[in-house]
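Notes follow the structure.
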Amino acid sequence: MRLRAVLFDMDGTLLDTAPDFIAVCQAMRAARDLPAQDEKLIRDQISGGARAMVAANFAIDPQTEGFEALRLEFLERYLEHCAVLSQLFPGMAELLAEIEQAKLIWGVATNKPVRYAEPIMQRLGLAERSAVLVCPDHVSRSKPDPEMLLLACAKIGVQPGEVLFIGDDARDIEAGRAAGCKTAAVTYGYIHPDDNPRHWGADVVVDHPLELREVLDRALCSC
């Protein structure tokens, strides 16, 4: 079946959003007169969401009293700082340009709530270029459930088998496969040290955004 669209996960796949997460964590520590945190420690927990980052940032168990207040503070601070330092990964701008030049549709399917995702897409000038942005707010079940990808496909008018879905988490690949999409796992994203993208069952695994050029070229030439 002909490739017609490319869907991206957001954090750790399309965008390097870690700098904003790290800035929020460091600001919270500074407000409590704590020394700066090791940035790698925070980056390694991004795929686990706010709960995992707060737990790592303060070395605190989520069941500990006061944890929920820290998590809510993190989310409020991030709302104000979610679109300051985040950028496309190196090579991604060129890839998007080539996708558009090839007349392929592209969009985003992310577990990031829309109140954070939309400002980031708008600030980076991607909102008007992306054909679709699907967030947890739009579905009843987030990834790894395929509902998000099926909705994205319906919105852009393509069949799942005509889509390549790219992600940096096992949940992305599970969702893509369940939806019937082709899948690509990226190793440059926010991979937990104990995880291995080559074990997720993706159709292809790449180490750099520009390697996705070859994946797309092969897909288009085989149609």
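Excluded from the calculations below are hydrogen atoms, water molecules and symmetry mates; all remaining heavy atoms, backbone and side chain alike, are included.
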Note, F89 side chain near L14 side chain (heavy atom, < 4.5 Å): no
Test salt bridge (charged side-chain N to carboxylate O under 4.0 Å, His left out) on R218 and E211; report intermediate values, then the result. CA-CA 11 Å; R218 289 199 300 270; E211 291 181 27; over 6 Å; no
Honestly curious: do L133 and M92 fall in one hydrophobic cluster under the side-chain, below-4.5 Å linking rule? yes
Of L126, V108, D168, N111, which is the lone residue that meets side chain to side chain contact (heavy atoms under 4.5 Å, CB included) with M10? V108
Around R43, counting heavy atoms of other residues, nucleotides and ligands shown, do more than 12 lie under 6.0 Å from its CZ? yes
Nearest 0.5 angstrom please: L150 CG to C181 SG, how far? 7.0 Å
Is the shortest distance from a Lys or Arg side-chain nitrogen in R29 or E73 to a carboxylate oxygen in the other one below 4.0 Å? no
Is a donor on one side and an acceptor on the other found under 3.5 Å between the side chain of T64 and the backbone of D61? yes
Could you tell me which non-hydrogen atom of A83 sits nearest to which non-hydrogen atom of D20, and how far apart they are? N-OD2, 3.9 Å
Verify, without hydrogens or angle tests, whether D203 (side chain) and A184 (backbone) share a donor-acceptor contact under 3.5 angstrom. no
Quick check on side chain to side chain donor-acceptor pair (under 3.5 Å): which of T13, D195, D16 does Y190 satisfy it with? D16
Gap between atom CD of E98 and atom CG of L216 - 0.5 Å precision: 8.5 Å
I99 and I156: same hydrophobic cluster, using ILVMFWY side-chain contacts below 4.5 Å? no
Would I166 and L212 satisfy side-chain contact (heavy atoms from CB on, under 4.5 Å), going step by step from the backbone distance to the final call? CA-CA 9 Å; I166 305 169; L212 290 166; 3.9 Å; yes
Strictly by salt bridge (Lys or Arg N to Asp or Glu O under 4.0 Å), give each pair with a member in residues 101-123 just once, sequence neighbours left out. D11-K112
Is any side-chain heavy atom of V134 closer than 4.5 Å to one of T110? no
Please give me the minimum heavy-atom distance between G157 and R4, naming the atom from each residue. O-NH1, 3.5 Å
Who are the ring-ring contact (aromatic ring centres under 6.0 Å, His included) partners of Y78, not counting sequence neighbours? F21, Y116
Is L3 reachable from V132 through a run of I, L, V, M, F, W or Y residues, each pair having side-chain heavy atoms under 4.5 Å apart? no
Considering residues at least two apart in sequence or located in another chain, which fulfil the salt bridge (charged side-chain N to carboxylate O under 4.0 Å, His left out) criterion with K40? D44
Do the side chains of D9 and K143 get nearer than 4.5 Å, heavy atoms only? yes
Using 4.0 Å as the upper bound for N to carboxylate O, is an ion pair formed by E68 and R71? yes
Determine, using the 4.5 Å side-chain heavy-atom cutoff (strictly less than), whether L88 and V215 are members of one ILVMFWY cluster. yes
Are L75 and L85 in one and the same hydrophobic cluster, where Ile, Leu, Val, Met, Phe, Trp and Tyr link if side-chain heavy atoms are under 4.5 Å apart? no
Do the side chains of S142 and P136 get nearer than 4.5 Å, heavy atoms only? yes
Using side-chain heavy atoms (C-beta onward) and a distance below 4.5 Å, is L7 in contact with L164? no
4.5 Å side-chain heavy-atom contact, P90 and Y188: no
Taking the side chain as every heavy atom from C-beta outward, state whether I105 and V163 have any pair of such atoms under 4.5 Å apart. no
Taking atom CD of E128 as the centre, report whether more than 12 heavy atoms of other residues, nucleotides or ligands fall under 6.0 Å from it. yes
Is there side-chain contact between W106 and R129, with at least one heavy-atom pair below 4.5 Å? yes
